[in-house]
Undergrad: 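Can you read through this structure? Questions will come right after.
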Amino acid sequence: DLKVEDKEVIATLPMPGCKDEDIEVEVNGDILSIRAERSEEKKEENKETHFIRRERSTMSFEESVRLPVRVKANEANAKYEDGVLTITLPAVV
């Protein structure tokens, strides 16, 4: 979701299962790009029966959107809470 207000632009994006360090946010000109990548591995082992099971999963996400107004990218603020990423970008007025 992209919300344009008088003095700022607020982007909200659900990203469940991610951690702060998995997420990358970039503003290049009038393009807002959000990327996330994470890998997870689970291993179950039973030495008595010589049984080993491994599960691997990888999640990759990328989204870009053209911003409808000019923003001050160097003053951007991002917050990730309860699986939702919120980016606040002050508008150039």
Side-chain angles (χ1 to χ4, degrees):
D1 292 335
L2 196 62
K3 183 178 177 184
V4 180
E5 296 183 350
D6 291 339
K7 296 182 180 180
E8 61 189 11
V9 176
I10 301 170
T12 307
L13 185 67
M15 300 184 80
C18 289
K19 297 177 186 164
D20 289 347
E21 59 268 14
D22 297 335
I23 301 170
E24 180 182 328
V25 177
E26 178 181 17
V27 178
N28 190 2
D30 63 347
I31 303 292
L32 170 64
S33 298
I34 301 162
R35 292 177 202 82
E37 188 171 328
R38 69 177 172 96
S39 296
E40 185 177 344
E41 182 175 321
K42 294 179 185 178
K43 182 178 177 181
E44 183 181 324
E45 187 173 345
N46 185 327
K47 293 184 181 188
E48 292 175 11
T49 60
H50 304 288
F51 172 79
I52 297 174
R53 182 177 80 181
R54 288 187 180 156
E55 293 181 25
R56 295 180 184 105
S57 65
T58 302
M59 189 273 307
S60 180
F61 173 84
E62 184 170 345
E63 179 85 22
S64 294
V65 64
R66 185 174 303 276
L67 298 169
V69 297
R70 289 184 18 189
V71 296
K72 300 174 187 175
N74 58 338
E75 296 179 23
N77 181 28
K79 180 174 84 170
Y80 182 66
E81 187 173 68
D82 296 330
V84 178
L85 176 65
T86 303
I87 304 163
T88 305
L89 301 148
V92 175
V93 287

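This one's a predicted model, so the numbers in the text were calculated from it and none came from an experiment.
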Undergrad: Is Arg38 paired with Glu40 through a side-chain N to carboxylate O contact shorter than 4.0 Å?
TA: yes
Undergrad: Could you grab the distance from atom OG of Ser60 to atom CD of Glu62, nearest 0.5 Å is fine?
TA: 7.5 Å
Undergrad: Can you check side chain to side chain contact (heavy atoms under 4.5 Å, CB included) on Glu45 and Lys43, steps first, answer last?
TA: CA-CA 7 Å; Glu45 187 173 345; Lys43 182 178 177 181; 3.3 Å; yes
Undergrad: Please list every donor-acceptor pair under 3.5 Å in which a side-chain atom of residues 8-29 meets a protein atom from a residue at least two apart or in another chain.
TA:
from	atom 1	to	atom 2	distance (Å)
Asp22	OD2	Lys19	N	2.9
Glu24	OE2	Arg35	NH1	3.3
Glu26	OE1	Arg35	NH1	3.4
Glu26	OE1	Arg35	NH2	3.4

Undergrad: Is the closest side-chain heavy-atom distance between Ile87 and Ile34 below 4.5 Å?
TA: yes
Undergrad: Could you go through Lys72 and Val92, starting from their C-alpha distance and side-chain angles, then the distance that decides it, and tell me whether this counts as side chain to side chain contact (heavy atoms under 4.5 Å, CB included)?
TA: CA-CA 6 Å; Lys72 300 174 187 175; Val92 175; 3.9 Å; yes
Undergrad: Is Val4 reachable from Ile31 through a run of hydrophobic residues whose side-chain heavy atoms are each under 4.5 Å from the next?
TA: no
Undergrad: Output every pair passing side chain to side chain donor-acceptor pair (under 3.5 Å) with a member in residues 79-88, not counting sequence neighbours, ordered by first then second residue.
TA: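 Of all non-adjacent pairs touching residues 79-88, none passes side chain to side chain donor-acceptor pair (under 3.5 Å).
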Undergrad: Take Glu5 and Lys3, measure what salt bridge (Lys or Arg N to Asp or Glu O under 4.0 Å) needs, and give me the verdict at the end.
TA: CA-CA 6 Å; Glu5 296 183 350; Lys3 183 178 177 184; 3.2 Å; yes
Undergrad: Minimum heavy-atom separation for Ala76 to Leu89, with atom names?
TA: CB-CD2, 3.4 Å
Undergrad: May I ask you to decide whether Arg53 forms a salt bridge with Glu55, counting only side-chain N to carboxylate O separations under 4.0 Å?
TA: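 Judged by the 4.0 Å cut-off on N to carboxylate O distance, Arg53 and Glu55 do form a salt bridge.
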